[in-house]
Amino acid sequence: MLLSVKDLKVVFRTRRGPVEAVRGIDLHVEAGETLGIVGESGSGKSVTSYALLRILDAGGSIRAGDIVYGGIDLRHAPERQMADIRGREISMIFQNPRSALNPIRKVGHQIEDVLRRHNRATRGTARAKAIEAMEAVKIRDAAKRYDAYPFELSGGMCQRIVIALALACDPRLLIADEPTTGLDITTQKAVMDLVSQLIRERGMSAIVITHDLGLAAQYCDRIAVMKDGEVVETGRSVDVFTAPRHAYTRRLVDATPRDGASIRSLLPAEVRTPELTHTPSPEPLLRVQDLVKTFEGKSGPVHAVKGVSFTVHDGETVGLVGESGCGKSTTSSMVVRLLDPTSGHIMFAGEDLAKTPAKAFARDPRRASIQMVFQDATDSLNPRHSAERSIEEPLRRLAKLSSRARIDRVRELADLVGLPRHLLDRFPHQLSGGQKARVGIARAIAVNPRFLILDEPTAALDVSIQAVVLNLLADLRAKLGMSYLFVSHDLHVVRLLCDRVVVMRDGEVVEAGTAEEVMEHPSHPYTAELIAAAPRPPVRHQAA
Amino acid sequence: MGRLRQISKRVAQAIPVVVGVVIISFVLTRALPGDPAVYFAGATADEKSIAEVRANLGLDKPLPTQFLYYVRDLATGDLGRSLSTGQPVTEDLARRLPASLELTLCALLLSCLVAIPLGVLAATRPNSWVDHLCRVLVTTGVSMPTFFTGILLIYVFYYLLGLAPSPLGRLDFIYIDPPSVTGFFLIDSILAGDWETFLGALKQLVLPAVTLALFTLAPIARMTRAAMLSALSSDFIRTARAAGLTWRTILFGYALRNAMLPVITTLGMVFSFTLGANVLVEKVFAWPGIGSYAVEALVASDYAAVQGFVLAMALLFVALNLVIDILYTLIDPRIGFAD
């Protein structure tokens with residue numbers, strides 16, 4: 001056994017007294033094995049990994065338990081010995097690779113720092129060895145990239161540098177903490193494939209920490225599921241995914257979007273209600289024609305959107321799919337009239353909205369009919385406004401209601417989105433992620449819009465909450481007869497909610513069709529690539 | 001090549017600032033109450049002699065004409081003649097500006113040498129006794145007026161202990177001024193190989209420099225602490241720790257370099273206000289600096305001297321901002337010069 005953790009407890013000192021982040025967990029990793037630790041935010045999975053290396057943030061400490069790595073007691077090893085182990089025996093890769101690298105030091109030098117620290121290179125050989133380490137993670141033109149700063153590299157390239165840095169000294173155990181969060185789906189696949197290949201080639205062990213059960217099931221030998229600082233279930237990946245024993249694991253498996261799942265099947269079985277039907281009419285509500293947006297960049301014009309056309313029928317939900325930089329956000333900003341197009345038409349209910357400048361549209365009577373739900377529920381709420389005030393805001397500006405009627409309307413909206421009324425007085429920091437998402441949705445539908453733009457509304461949410469929010473959106477659509485433009489990078493999620501899908505790449509539409517058609521028989525190779533890149537968890541043969 | 005062009009572009013951007021300063025300083029000095037003709041004609045002067053003095057000074061001409069003369073002289077590098085010292089303003093400035101700069105730069109150097117380590121130390125142990133001690137120390141420094149600190153230091157080190165020389169200017173009368181090259185006595189005496197004068201100048205400099213340094217400790221130390229705290233909690237520090245880098249490398253190689261940007265910004269601001277505000281220290285230590293020169297000139301409505309002073313300061317600040325911008329680009333590759 002390479003690593004064994006017994007009864008590990010980690011406590012954080014906070015202003016409100018000590019908080020137990022990890023409450024007595026047992027884990028072990030065999031030589032050559034990859035262990036996945038899966039859990040939602042706040043489950044203590046990352047804290048566990050920091051505790052293994054004793055790099056907990058200020059205020060955190062190991063309260064109890066044993067951590068033994070190759071016969072060494074990591075909990076009690078002197079700091080000097082620990083520093084030798086970090087990076088040489090056990091190393092780590094992180095989420096958000098760009099911020100995980102020193103922003104003002106050349107990436108090559110950062111790899112050199114590690115090599116020289118662990119005496120793997122001298123001043124003379126460091127450069128060559130660093131380039132070698134970069135080539136090992138399949139960085140093309142490594143010698144040229146050596147002199148680059150992190151901000152000059154793409155997210156995927158930065159993650160390769162972080163991996164090169166972690167593997168430079170041939171560690172025996174690699175800990176990957178959400179290694180693909182913040183990366184595009186095709187980059188995610190490339191990075192995970194690379195990591196698993198390197199692990200196999202070098203005979204290393206690994207711990208992969210992720211919130212994505214599908215990803216863990218695909219790349220790990222065993223999975224430990226964590227909830228509230230405890231391990232609730234451990235087992236072989238296939239078993240955990242296909243025959244979950246613990247109720248929480250079952251809920252996680254259910255909530256993970258996958259092939260053949262319906263939107264209701266994401267919810268726990270006991271709360272599933274019959275799906276409400278919505279019937280799109282053949283009448284077009286929104287028709288986008290040859291929409292173009294060109295930004296004036298420092299080094300010439302940037303063509304963000306190059307002539308995009310699509311239609312959304314009344315009552316229909318259309319998915320706008322693509323990776324970062326494909327122009328989907330620019331397109332949605334233009335449609336919601338926050339940004340002026342360079343050219344093109346936005347025909348909404350028979351009128352061309354592009355004729356009204358974005359600045360004037362805020363006072364336009366048609367403002368109420370097009371609303372938006374933003375990506376980050378936390379950042380898009382004013383931290384000093386209560387939930388009630390946030391939901392009320394558009395009513396004050398766009399609806400002529402007495403203050404009494406406004407309060408009634410806010411309560412009605414809270415009921416509609418399933419936000420308990422007693423939470424209306426709370427401020428964003430006192431609400432959970434799911435509750436904030438509900439506030440954002442209530443605010444968007446407050447003025448009875450006909451058309452809602454959903455900009456990755458579940459990207460920042462845990463899967464179980466994502467399942468609830470997606471179902472809420474589906475119900476609201478049926479009840480209120482709204483049409484949606486659903487902007488997302490995740491085809492699995494898009495498929496659950498959307499009637500039709502538009503796939504964008506480099507500012508152009510590469511494919512459009514019904515969700516079924518596009519997912520089952522993609523006509524463009526890029527769409528096929530996107531579909532193939534999504535993690536493919538083992539399918540449960542028998543619904544339990 | 002590209003960088004050189006960008007620097008010259010930055011310098012060109014400063015031209016409107018300098019033009020504005022020339023106009024505003026000219027108008028403002030004339031808008032001030034007080035009539036130099038009356039001042040210089042003396043207490044016993046009558047209407048006629050005052051008018052005579054006014055005509056001699058060229059103050060009887062209309063303002064636009066006076067301004068044109070001023071600009072014409074400026075173009076030839078002539079800042080006019082100071083009425084109170086009787087010297088050309090350029091000569092006065094050339095003698096007094098280095099005195100102020102030498103004092104300010106030494107004070108800031110001293111301040112940085114103390115404040116940056118203090119800030120780093122406080123940031124590595126937030127809310128410990130070291131942190132609290134730093135806070136008390138720098139708050140005391142900034143809370144005491146410089147003239148008071150100066151007098152206190154003179155009382156203790158000159159009067160009581162007799163360690164410091166008499167606080168009368170840049171050099172005791174037993175020394176001869178070093179041949180002027182840069183105007184900085186410390187540098188000039190080294191250039192002349194005159195170590196005795198160097199030591200003499202250094203002794204004179206210590207007390208006023210310490211006085212100013214105490215006053216400037218606070219902003220630099222506090223900013224260092226805040227910048228270090230945020231740098232140390234960054235993701236890349238965790239990466240560095242997980243890679244086993246030594247605490248030394250992490251602290252100085254990674255965190256401190258990232259924390260330097262806000263510190264340098266603060267340093268630039270501190271330098272500007274110290275240079276303007278050290279007139280009190282100059283007065284206490286009889287330091288022949290530019291601050292006391294400007295105040296005296298202002299009291300006497302000595303137009304040429306005031307204008308010369310304001311212009312010199314403006315040029316200095318333009319140069320200072322340029323230096324800070326260049327330092328930025330050297331430290332942080334993300335900052336393009338053009339922005």
Side-chain angles (χ1 to χ4, degrees), chain A residues 46 49-50 52-59 79-106 109-111 113-119 147-152 158 161-162 164-169 171 174-175 177 298-299, chain B residues 2 5-6 9 120-128 130-131 225-265 326-339:
Chain A
S46 291
S49 65
Y50 300 154
L52 298 184
L53 279 179
R54 295 223 322 248
I55 52 169
L56 287 164
D57 291 335
E79 185 53 37
R80 181 183 290 270
Q81 191 186 2
M82 242 1 249
D84 285 339
I85 289 171
R86 292 183 201 127
R88 199 181 68 195
E89 290 289 328
I90 308 175
S91 62
M92 199 158 171
I93 59 181
F94 299 88
Q95 53 182 321
N96 300 329
R98 219 186 280 269
S99 63
L101 289 169
N102 187 344
I104 59 172
R105 195 160 167 78
K106 289 177 178 172
H109 290 169
Q110 298 190 42
I111 298 173
D113 287 342
V114 181
L115 285 166
R116 293 184 56 190
R117 162 66 182 85
H118 295 295
N119 300 320
D147 288 313
Y149 291 98
F151 76 97
E152 296 170 320
C158 281
I161 300 284
V162 175
L165 201 146
L167 298 185
C169 300
L174 176 73
I175 303 175
D177 180 18
K298 250 186 242 160
S299 45
Chain B
R5 232 184 67 196
Q6 281 167 334
K9 211 164 118 190
V120 171
L121 205 64
T124 52
R125 298 172 185 77
N127 297 320
S128 67
V130 182
D131 191 14
R225 177 183 182 271
M228 274 303 278
L229 273 180
S230 85
L232 281 173
S233 64
S234 309
D235 286 354
F236 64 85
I237 295 295
R238 186 155 58 205
T239 314
R241 285 174 71 195
L245 297 189
T246 56
W247 185 232
R248 245 180 105 89
T249 316
I250 292 174
L251 199 60
F252 298 106
Y254 280 59
L256 187 58
R257 260 200 76 193
N258 272 282
M260 274 332 277
L261 278 180
V263 174
I264 282 178
T265 314
I326 294 171
L327 278 179
Y328 271 7
T329 57
L330 289 182
I331 291 178
D332 193 338
R334 286 168 297 182
I335 299 175
F337 211 101
D339 299 319

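Keep in mind that this is a model prediction, so the values were computed, not measured.
Using a 4.5 Å cut-off between heavy atoms, A/Ala166 does not touch chain B at all. For A/Ile90, the part sitting under 4.5 Å from any heavy atom of chain B is the backbone (N, CA, C, O) and nothing else. Heavy atoms of A/Leu56 lying under 4.5 Å from chain B belong exclusively to its backbone. Only the side chain of A/Arg117 comes within contact range of chain B, judged by heavy atoms closer than 4.5 Å. Both the backbone and the side chain of A/Gln110 come within less than 4.5 Å of a heavy atom of chain B. Proximity to chain B is limited to the side chain of A/Leu53, based on heavy atoms less than 4.5 angstrom apart. Neither the backbone nor the side chain of A/Pro150 comes within less than 4.5 Å of any heavy atom in chain B. Using a 4.5 Å cut-off between heavy atoms, A/Arg116 does not touch chain B at all. Contact annotation for A/Asp57: only side-chain heavy atoms (C-beta onward) come within less than 4.5 Å of a heavy atom of chain B. Interface residue B/Thr246: backbone and side-chain heavy atoms are both found under 4.5 Å from chain A.
Between the CG atom in B/Asp332 and the CG atom in B/Leu261 there is a gap of 5.0 Å [rounded to 0.5 Å]. In this structure, OH on B/Tyr328 lies 11.0 Å from CE on B/Met260, to the nearest 0.5 angstrom. Within the model, atoms OG1 of B/Thr124 and CE of B/Met228 stand 7.5 Å from one another, a figure rounded to the nearest 0.5 Å. Between B/Asn258 atom CG and B/Ile331 atom CD1 the span is 9.5 Å, to the nearest 0.5 Å.
A donor-acceptor contact shorter than 3.5 Å is absent between the side chain of B/Arg125 and the backbone of B/Asp131. A donor-acceptor pair under 3.5 Å is absent between the side-chain atoms of A/His118 and the main chain of A/Glu89, judged by distance alone.
Contact annotation: the side chain of A/Val114 approaches that of A/Cys169 to within less than 4.5 Å [non-hydrogen atoms, C-beta and beyond]. Residues A/Tyr149 and B/Arg334 fail the side-chain proximity criterion, which asks for heavy atoms closer than 4.5 Å.
Annotation: maximal heavy-atom pairing with chain B below 4.5 Å, among A/Ala100, A/Ala83, A/Ala168, occurs at A/Ala100.
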